[in-house]
Amino acid sequence: MVERSAMAESLSNLSSAALNSQPSTFNKLCKIVAKLRGPGGCPWDREQTHESLLPATIEEAYEVAEAARAKNEAHFREELGDLLLLVVMHAEIAREAGRFDIDNVVADVTEKLVRRHPHVFGKSDARDSGAVLRQWEAIKREEKRSDSHYLASLPRALPALMRAQKAQSKAARVNFDWTELRDVLAKVEEELGETKSAIASQDRQSLEDEIGDLLFAIVNLARKCKLEAESALQTATDKFVARFNRLEDELRARGKRLGDVDLAELDEIWNAIKKMTNDRMTKDERSSND
């Protein structure tokens, strides 16, 4: 761990740099937001509070993720800007109340980065990513002493799949993890069996518990396969939506509408769409290997 005096010097130097050399474009953004919130500014912007902006903040974070996954550079850049705008807006609201301002936000995150990277700014010898993550968790627990439990910092506000995978990943860093993939698969099968038993029992609470355990086990399977469960489910949902849209288009071509067709016909169309999609994927794979 870095010596405290060296750490303090690094924090002081970097914090000063962060506060004194902000890009002019960032300062311009901050001034525009202050003007929008000030006398003679925009009525809508003046009415906003931290609470009223929370839905938009969460939505913009998801739109950033969507743009990143789509690998659309222009869209990604735009969405990052929208998210940054909301960060500046929250900081401006706090400044008006005399609590803190954007400089404090920048200084805090700058100090945190230095404090939690003693292998870069201090004398720690952590060099591989696993050691760095364990070190980060140790520093974070030291900072947040109100609850010393290892998973105390796990955010409750995260989406359920993401929170489950984060909990499992953190536990794995301290060796609480399956060593073999077959063990994870066995756990999924075990939880599926218990879910079937809960369905048979018609006990609603038991069923909720077992489906939760099954989902948790599947997230663990995704993690052990080096996949993000949240992204995998997003992809699966996107695939379902695309196929369902094609099903709806086919019904229209037949002069029919959703809701007026029985399941047998829907299944017939769905299976044809699925086969067509799979055949196209196989053809594309062959072409790419030629």
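Values below: every heavy atom of this structure, side chains too, minus hydrogens, waters and symmetry copies.
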Remaining members of the apolar cluster that contains [X], side-chain heavy atoms under 4.5 Å:
X: Ile32; result: Leu36
X: Leu161; result: Val219, Leu233
X: Leu215; result: Ile199, Leu207, Ile211

If you look only at pairs with a residue in [range], which of them pass as a salt bridge (charged side-chain N to carboxylate O under 4.0 Å, His left out), with sequence neighbours excluded?
range: residues 225-238; answer: none
range: residues 164-179; answer: Glu137-Lys170, Glu137-Arg173, Asp177-Arg223, Asp177-Lys224
range: residues 182-201; answer: Glu180-Arg182, Lys187-Glu190, Lys187-Glu191
range: residues 35-56; answer: Arg37-Glu96

Legend entry - Ser52 (side chain) donor-acceptor with Gln48 (main chain) under 3.5 angstrom: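 Not confirmed, Ser52 side chain does not pair with Gln48 backbone.
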
Legend entry - Short side-chain to backbone donor-acceptor contact, Asn104 and Asp101, under 3.5 Å: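 Judged by distance alone, yes, a pair lies under 3.5 Å.
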
What are the two closest heavy atoms between [X] and [Y], and how far apart are they?
X: Met162; Y: Leu158; value: SD-CD2, 3.9 Å
X: Ala91; Y: Ile102; value: CB-CD1, 3.8 Å
X: Leu251; Y: Leu266; value: CD1-CD2, 3.9 Å
X: Leu86; Y: Ala56; value: CD1-O, 3.6 Å

Would you kindly confirm whether [X] and [Y] end up in one hydrophobic cluster when ILVMFWY residues are joined by side chain heavy atoms under 4.5 Å apart?
X: Val109; Y: Val64; value: no
X: Met89; Y: Phe100; value: yes
X: Ile273; Y: Met276; value: no
X: Val114; Y: Val120; value: yes
X: Ile269; Y: Leu258; value: yes

Legend entry - Of all pairs that satisfy ring-ring contact (aromatic ring centres under 6.0 Å, His included), the ones with a partner from residues 244-280, not counting sequence neighbours: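 Sorted result for residues 244-280: Phe240-Phe244, Phe240-Trp270.
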
Inset, instruction - Scan residues 173-218 for pairs that pass ring-ring contact (aromatic ring centres under 6.0 Å, His included), counting only residues two or more places apart or in two chains. - result: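 For residues 173-218: none.
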
Working to the nearest 0.5 angstrom, can you tell me the gap between [X] [atom1] and [Y] [atom2]?
X: Lys256; Y: Glu265; atom1: NZ; atom2: CD; value: 3.5 Å
X: Leu247; Y: Lys274; atom1: CG; atom2: NZ; value: 13.5 Å
X: Thr49; Y: His90; atom1: OG1; atom2: NE2; value: 8.5 Å
X: Leu151; Y: Gln168; atom1: CG; atom2: CD; value: 11.0 Å
X: Glu60; Y: Glu66; atom1: CD; atom2: CD; value: 11.0 Å
X: Glu210; Y: Gln205; atom1: CD; atom2: CD; value: 10.5 Å

Inset, instruction - For Ser231, enumerate each residue passing the side chain to side chain donor-acceptor pair (under 3.5 Å) test, keeping only those at least two apart in sequence or located in another chain. - result: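 Only Arg69 meet the side chain to side chain donor-acceptor pair (under 3.5 Å) criterion with Ser231.
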
Inset, instruction - Taking side chain to side chain donor-acceptor pair (under 3.5 Å) as the test, write out the residues that go with Arg99, two or more places apart. - result: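 Here the qualifying residues are His50.
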
Inset, instruction - Report yes if some heavy atom in the side chain of Leu181 is under 4.5 Å from a heavy atom in the side chain of Leu221; otherwise report no. - result: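 A side-chain contact exists here, since the closest heavy-atom pair is under 4.5 Å.
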
Legend entry - Arg252 bridged to Asp249 by N-O distance under 4.0 Å: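 Yes, Arg252 and Asp249 are salt-bridged.
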
Legend entry - Salt-bridge criterion met for Glu208 and Arg204 (N-O under 4.0 Å):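 Here Glu208 does not pair with Arg204 in a salt bridge, since their nearest N and O are not under 4.0 Å apart.
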
When the side chains of residues 74-85 are checked against the rest of the protein, which donor-acceptor pairs come out under 3.5 Å, sequence neighbours left out?
unit_1: His75; atom_1: NE2; unit_2: Glu79; atom_2: OE2; d: 2.9

Inset, instruction - Report the C-alpha distance between Thr277 and Arg246 in whole Å, list the side-chain angles of each, state the deciding distance to 0.1 Å, and finish with yes or no for side-chain contact (heavy atoms from CB on, under 4.5 Å). - result: CA-CA 11 Å; Thr277 305; Arg246 294 186 65 180; 3.8 Å; yes

